[in-house]
Chemist: 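My questions will all concern the structure given below.
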Amino acid sequence: MTNEQIETYLEVKQRRNKELSIHFKDRRTVTGIFIEGSDYVELKSKNLWRIVNNARLEEWKQTHDVNLSRIFNGLSFTRLSED
């Protein structure tokens, strides 16, 4: 997916802080939230996205530690969905 497609999907219905399923071409689906760190604009321009997996979500909500996130390339996404 392109960064424009991802950004459009996140903006619709205020999905930015909701858990989403991220489907990939070459790996299992990841469920988590997209977060906006201090590097959000730079990463987005390169179609890279910082995502906190749902297994670490509670800890992230308490600490907002960006080290709990992983960076994924948007080109490897096939679709995003609310499950």
Side-chain angles (χ1 to χ4, degrees):
M1 296 178 72
T2 66
N3 54 353
E4 292 87 9
Q5 290 172 315
I6 296 167
E7 184 69 21
T8 301
Y9 186 85
L10 294 176
E11 288 177 356
V12 175
K13 295 184 183 177
Q14 306 295 318
R15 293 180 177 129
R16 193 168 306 282
N17 293 316
K18 292 184 180 179
E19 282 189 54
L20 299 173
S21 293
I22 301 108
H23 303 267
F24 294 89
K25 296 175 186 175
D26 54 356
R27 62 178 296 162
R28 294 175 50 198
T29 300
V30 171
T31 302
I33 63 170
F34 287 78
I35 62 169
E36 292 184 35
S38 59
D39 56 357
Y40 178 78
V41 174
E42 180 184 355
L43 290 175
K44 181 178 80 166
S45 71
K46 298 175 183 176
N47 201 10
L48 299 173
W49 302 90
R50 193 176 291 278
I51 297 171
V52 176
N53 190 316
N54 65 349
R56 296 181 163 196
L57 199 53
E58 287 304 316
E59 186 178 356
W60 183 82
K61 286 180 180 179
Q62 295 172 0
T63 64
H64 291 281
D65 181 4
V66 294
N67 294 318
L68 297 171
S69 66
R70 292 188 57 200
I71 296 176
F72 293 94
N73 188 329
L75 291 176
S76 64
F77 298 176
T78 57
R79 68 184 175 101
L80 303 172
S81 64
E82 292 180 77
D83 292 334

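Heads up: numbering here begins at 1 and tracks the sequence. Values below: every heavy atom of this structure, side chains too, minus hydrogens, waters and symmetry copies.
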Chemist: Rounded to the nearest 0.5 Å, how far apart are CD of Glu7 and NZ of Lys44?
Modeler: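 It is 4.0 Å, given to the nearest 0.5 Å.
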Chemist: Please set out all donor-acceptor pairs under 3.5 angstrom arising from side-chain atoms of residues 24-34, sequence neighbours excluded.
Modeler:
residue	atom	partner	partner atom	Å
Lys25	NZ	Leu75	O	3.1
Thr29	OG1	His23	ND1	3.2

Chemist: Quick one: do Trp49 and Ile35 end up in the same hydrophobic cluster if we chain Ile, Leu, Val, Met, Phe, Trp and Tyr together by side-chain heavy atoms under 4.5 Å apart?
Modeler: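 Each belongs to a different hydrophobic cluster.
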Chemist: Running the 4.5 Å side-chain criterion over Ile, Leu, Val, Met, Phe, Trp and Tyr, what cluster does Leu43 land in, apart from itself?
Modeler: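 Besides Leu43, the cluster holds Leu48, Ile71.
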Chemist: Considering residues at least two apart in sequence or located in another chain, which fulfil the side-chain hydrogen bond (donor to acceptor under 3.5 Å, both in side chains) criterion with Asn3?
Modeler: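 Counting only residues at least two positions away or on another chain, Asn3 forms no side-chain hydrogen bond (donor to acceptor under 3.5 Å, both in side chains).
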Chemist: Once rounded to the nearest 0.5 Å, what's the spacing between atom CD1 of Ile22 and atom CZ of Phe72?
Modeler: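 Spacing of CD1 (Ile22) from CZ (Phe72) equals 7.0 Å.
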Chemist: Of Asn47, Asn73, Leu80, which is the lone residue that meets side chain to side chain contact (heavy atoms under 4.5 Å, CB included) with Met1?
Modeler: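 Single pass found, and it is Leu80.
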Chemist: May I have the list of side-chain donor-acceptor pairs in residues 50-62 shorter than 3.5 Å, sequence neighbours left out?
Modeler:
residue	atom	partner	partner atom	Å
Arg50	NH1	Ser69	OG	3.1
Arg50	NH2	Asp39	OD2	2.5
Asn53	OD1	Ala55	N	3.1

Chemist: By salt bridge (Lys or Arg N to Asp or Glu O under 4.0 Å), which residues pair with Glu36, not counting sequence neighbours?
Modeler: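 Expected list: Arg16.
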Chemist: Name all residues meeting the side-chain hydrogen bond (donor to acceptor under 3.5 Å, both in side chains) criterion together with Gln5; count only those two or more places apart in sequence or in a different chain, and write none if there are none.
Modeler: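 Per chain and number, Gln5 pairs via side-chain hydrogen bond (donor to acceptor under 3.5 Å, both in side chains) with Thr2.
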